[in-house]
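Data block below; observations after.
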Amino acid sequence: MQWHRLSLNELREKLLAGEVSSKALTEYFLERISKLDPQIRAYITLTGEEALKQAQAADEALERGEGEKRPLLGLPLAIKDNICTDGVRTTCASKILENFVPPYEATVIERLRDAGAVFLGKTNLDEFAMGSSTENSAFFPTHNPWDLSRVPGGSSGGSAAAVAAGLCAGALGSDTGGSIRQPASFCGVVGLKPTYGRVSRYGLVAFASSLDQIGPLTKTVADTALLLRVIAGPDPRDSTCAPEEVPDYLAALERDLKGLKVGLPKEYMGEGLDPEVRQAVEKALEVFEKMGLEVREVSLPHAPYAIAAYYIIAPAEASSNLARYDGVKYGLRVEGKDLIDMYKKTRSQGFGPEVKRRIMIGTYALSAGYYDAYYKKASQVRTLIAEDFSKAFEEVDFVVGPVAPSPAFKIGERIDDPLQMYLSDIYTISVNLAGIVGLSLPCGFSQEGLPIGLQIMGPHFSEPQVLALGHQFEKTLDLKPKEPEL
Ligand code: GLN
């Protein structure tokens, strides 16, 4: 049986029906990993032995009849390596945390564990989640399963590639400016950036705290709904985590959407958009019409300023968050002739070039005399961007558009041109600045056979509607279930 072809929801049924054991599933995925991961390189750390023990425990729990109330019992998952796992190395793909073993668990991991998940390992990312290609990993780049000479996107490239290549049944990533949605679109999988505050950030290594959110990467929208239900919800350990109750996202998938309105921002279909991506998005709009939704144009007039604002706000927050890596408290320490020298050596050897670039930009933008010109301005632009969306959502129920301007690019193609790399997130960043929901799901393939993603955006806490639209779109479009040839 080709278990990697089944969705989480399908695997769950098989487990509940006793048609497969968690142990057999886990062994199956571990075997695929050992066969295929040497070419993909999705994982930084594998936890096979632990996984088999967890699978054994899951099988016993299944036998005791705990399956119904534990929604992930026995399902093998992969976790982005910037989410803290108690006793398991959490590197952020950085030399500065290469040997860091957290003494505590992220809230999302606790919740997955309680729900019965099995953890296969920790996946590769751009160092500290800064990047759009996974090439900024201090260890190695990850390869796109659809074309090994291409990037899987980033920063959650390891998680996206692992789901696409069938090296796990589902995964978690984090999204600060597009890091779940862009790799999902490059790898032909589903990825969700939930509302800011929907999922606890406790135990997520901070990059830009006002933007970071954890979210699922899966094969289907229903799988994303399944995972989100488990990881979402209030957490006293994260004061930015919202008190809103968690709805049953799976039960909401079939709700009637006829007559609802979908808006396409005119700013998202202009210059710089690859013609094949444009075509795929236009085709998606036709599908929405066929589904009985109304499609119209909307405007997000401040969209052109999103990247500029983000590349002040995110580095500013990063420069402050990353000040903790000083060789004293934890992580790498490189001895020097005095304290200052030790700081210098530790930070120069521990951080890679992109992280250093962000720390410098952020420190500069926050420095006395420049704060008003940069950080304050960027924050004002951020408010305007959020207002653009609020206005659009008075006219329409959803905003849709491309996820990324092009399909996956070649490894090495953009690594020396940071501006070009930053442009990969032109359609995703506004969603983080506004704190709203963004779902990325497959909507077609390029002539070269590369996946293309569609983005569905909705207001704060609109996950039930956004997931329902994604799910029904997925069923109506019915993309032939292609899979990468490996
Ligand atoms: N690519 C963007 C950046 O480099 C977004 C990264 C992310 O969402 N973590 O900052």
Tell me every residue that passes ring pair (Phe, Tyr, Trp, His ring centres under 6.0 Å) with [X], counting only those two or more places apart in sequence or in another chain.
X	answer
Phe139	none
Phe29	none
Phe445	Trp146
Tyr202	Tyr104

Glu68: which residues meet the side chain to side chain donor-acceptor pair (under 3.5 Å) condition with it, sequence neighbours left out?
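Here no residue qualifies.
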Residues two or more places apart in sequence or in another chain: which of them pass side chain to side chain donor-acceptor pair (under 3.5 Å) with Thr134?
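Expected list: none.
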Would you please name every residue forming a side chain to side chain contact (heavy atoms under 4.5 Å, CB included) with [X], sequence neighbours left out?
X	result
Ala434	Ala386, Phe389, Ile436
Ala252	Arg255, Pro464
Asp326	Val328, Lys329, Tyr343
Glu127	Ser94, Phe351, Val355

Just by modelled atom types, is the Ser159 backbone N or O under 3.5 Å from a matching donor or acceptor in the Ser156 side chain?
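Looks like no, no N/O pair under 3.5 Å.
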Do Glu254 and Lys475 meet the salt-bridge criterion of a basic N to acidic O distance under 4.0 Å?
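So Lys475 pairs with Glu254 through a salt bridge.
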Is it true that Arg358 and Glu354 make a salt bridge, defined as a side-chain N closer than 4.0 Å to a carboxylate O?
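Counted as a salt bridge, because a side-chain N and a carboxylate O are separated by less than 4.0 Å.
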Distance-only donor-acceptor pairs under 3.5 Å for side chains of residues 113-121, two or more places apart:
residue : atom : partner : partner atom : Å
Arg113  : NE   : Glu105  : OE2          : 2.8
Arg113  : NH2  : Glu105  : OE1          : 3.4
Arg113  : NH2  : Glu105  : OE2          : 2.9

If you look only at distance, which donor and acceptor atoms sit under 3.5 Å apart when one is on a side chain in residues 407-414 and the other is two or more places apart or in another chain?
residue : atom : partner : partner atom : Å
Lys410  : NZ   : Ser149  : OG           : 3.1
Glu413  : OE1  : Lys410  : N            : 3.1

Aromatic ring pairing Phe207/Tyr310, orientation class (parallel under 30°, perpendicular over 60°, tilted between):
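Aromatic pair Phe207/Tyr310 classed perpendicular.
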